[in-house]
Amino acid sequence: MVVYLLLIFCSVLLISFQDSIIYRSKSLRNTIFFSFVLLLFLLTILRSQSVGTDYQAYNGYFYSSSFDLKNQYIENGYILLNEFAQKIGIFLIIPAFEFIVSFFGMYELSKTFKTNSFAFLGFYILTYVYMQSFNALRQFIAIGFVSFGCAFLAGKTKSKYLYFIIFVLIAYEFHSSSLLMLFLPLMSRIHVTKWLACISMILTSLLFFTGLGFKITQPIIGLDNHYAIKYGQDTTFLSATGSKGIIQFIPVIIQFMLLIWYLCLQNDTKIIPNNSGSVLSKSQINFIITGYLVFLILYAAGGNGVIDRIQFFFFPFVIIVNAVFWKIDQSSLKVMTFKSTLLLFWVFYCILRLIINNANVVPYVFN
């Protein structure tokens with residue numbers, strides 16, 4: 001627990017220093033940034049098998065044949081990675097690859113939105129994304145590749161849709177659910193207003209508390225071959241209840257309220273500023289905020305394990321949106337109150353998840 005509390009403390013400092021003299025110094029900024037990234041990398045590869053519910057299983061895969069992995073419906077990309085690690089004789093190549101692809105994929109996407117690198121690092125920790133990656137190793141490789149694809153999608157590169165599809169197909173070779181992300185280009189056409197966010201919060205709450213969200217999403221899960229095969233023989237596949245209760249849902253309501261609060265602070269016609277002094281296009285704003293809204297709406301499934309995994313693909317949006325939230329003008333009391341509330345929420349929410357021990361990452365044990 002101490003390791004994570006220190007990371008939280010460092011994250012708050014990084015977010016607080018994002019407009020400081022330290023950040024303005026390129027050499028000092030880069031030194032701090034890459035030192036912190038190196039620390040996160042080392043914590044990823046040096047953790048014990050007991051850290052994260054899936055980590056021990058992946059260590060077991062290292063000693064399995066490719067034929068056995070195929071019989072367990074493991075995708076070809078991961079099997080090739082595992083074969084390479086086996087030939088070298090070093091399992092740590094696999095978590096190292098996971099961190100590099102997932103982190104820098106998300107970071108590359110954040111650069112498209114000109115987010116502050118210190119803020120990105122801080123919210124990468126506080127939103128629990130880093131801790132979750134201890135759990136879903138294979139999927140986070142896929143998330144990294146999807147993020148690289150989204151960086152092209154949200155940029156001004158020619159043939160951006162082609163690049164996006166290529167990266168999604170690469171992600172598919174590590175986690176087949178990645179194909180569900182092919183709809184992401186549509187998000188740039190959705191304009192999220194405070195009223196749309198309010199209606200989404202109400203509907204999400206109704207679906208969650210009535211259990212309808214869970215029942216509606218169950219048949220949809222079967223559309224993905226990976227989950228249909230994996231859970232198809234489970235007699236509770238269409239009848240089990242979700243795992244999330246009121247304690248887990250209250251922070252979701254708070255996130256909806258923070259989103260609405262932010263939209264109220266902004267003029268519908270005002271372009272959101274970024275730290276470079278330029279502006280984000282309307283399609284970029286739509287893309288990132290819609291992605292965050294989808295992430296929140298998926299909580300309506302009430303903790304269905306499969307929907308939770310689909311929700312993982314929207315973790316990068318959570319990080320980037322909160323970094324954008326933090327960058328708004330600090331001149332007014334309203335904005336300062338909003339930003340203080342935002343930071344306090346994520347600190348306490350991160351600690352709550354550690355106490356609940358989401359993904360079984362507590363205690364952290366060195367290998």
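Along the sequence shown, residues carry numbers from 1.
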**Q** Does Y23 use its side chain to pair, donor to acceptor, with the backbone of S117 at less than 3.5 Å?
**A**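 Yes, because the side chain of Y23 sits within donor-acceptor range (under 3.5 Å) of the backbone of S117.
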
**Q** Any pair with a residue in residues 126-135 that passes side-chain hydrogen bond (donor to acceptor under 3.5 Å, both in side chains), sequence neighbours left out, goes on the list, sorted by first then second residue, please.
**A**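 Counting only pairs at least two positions apart or across chains, the side-chain hydrogen bond (donor to acceptor under 3.5 Å, both in side chains) contacts touching residues 126-135 are T44-Y130, T53-N135.
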
**Q** Heavy-atom count around L38 CG within 6.0 Å, excluding the residue itself: above 12?
**A**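 Above 12, so yes.
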
**Q** In this structure, are over 12 heavy atoms from other groups packed under 6.0 Å from Y163 atom OH?
**A**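 Count not over threshold, so no.
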
**Q** Using the side-chain hydrogen bond (donor to acceptor under 3.5 Å, both in side chains) criterion, which residues pair with S48? Sequence neighbours excluded.
**A**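 S48 satisfies side-chain hydrogen bond (donor to acceptor under 3.5 Å, both in side chains) with S50 only.
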
**Q** So with a 6.0 Å cut-off around CZ of F348, is the heavy-atom count from everything else above 12?
**A**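 Not more than 12 within 6.0 Å, no.
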
**Q** Can you confirm whether F84 is buried at CZ, in the sense that more than 12 heavy atoms of other residues, nucleotides or ligands lie under 6.0 Å from that atom?
**A**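 Not buried by this count: 12 neighbours or fewer within 6.0 Å.
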
**Q** Against F120, only a single residue in W326, F103, F113 fulfils ring pair (Phe, Tyr, Trp, His ring centres under 6.0 Å); can you say which?
**A**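 Answer to the ring pair (Phe, Tyr, Trp, His ring centres under 6.0 Å) test with F120 among W326, F103, F113: F103.
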
**Q** Within this structure, what is the CZ-CZ distance for the pair F33 and F36, rounded to the nearest 0.5 Å?
**A**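 Going from CZ on F33 over to CZ on F36, the span is 10.0 Å.
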
**Q** Should side-chain heavy atoms under 4.5 Å link Ile, Leu, Val, Met, Phe, Trp and Tyr, which residues sit in the same cluster as L206?
**A**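 Its cluster mates, by chain and number, are I202.
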
**Q** Mark yes or no for whether Y292, through its side chain, and L259, through its backbone, hold a donor-acceptor pair below 3.5 Å.
**A**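 Not at all, since once roles are kept as given, no pair shorter than 3.5 Å links the two residues.
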
**Q** Verify side-chain hydrogen bond (donor to acceptor under 3.5 Å, both in side chains) between E83 and S66, making sure each step is shown before the conclusion.
**A** CA-CA 7 Å; E83 287 176 348; S66 298; 2.4 Å; yes

**Q** Against I141, only a single residue in E173, E75, E98 fulfils side-chain contact (heavy atoms from CB on, under 4.5 Å); can you say which?
**A**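 The side-chain contact (heavy atoms from CB on, under 4.5 Å) with I141 is passed solely by E98 among E173, E75, E98.
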
**Q** Indicate, with yes or no, if L109 and F104 share a hydrophobic cluster defined by side-chain heavy-atom contacts under 4.5 Å among Ile, Leu, Val, Met, Phe, Trp and Tyr.
**A**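 F104 and L109: one cluster.
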
**Q** Taking Q139 for its side chain and R309 for its backbone only, find out whether a donor-acceptor pair lies under 3.5 Å.
**A**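 The answer is yes, because a donor-acceptor pair under 3.5 Å joins these two groups.
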
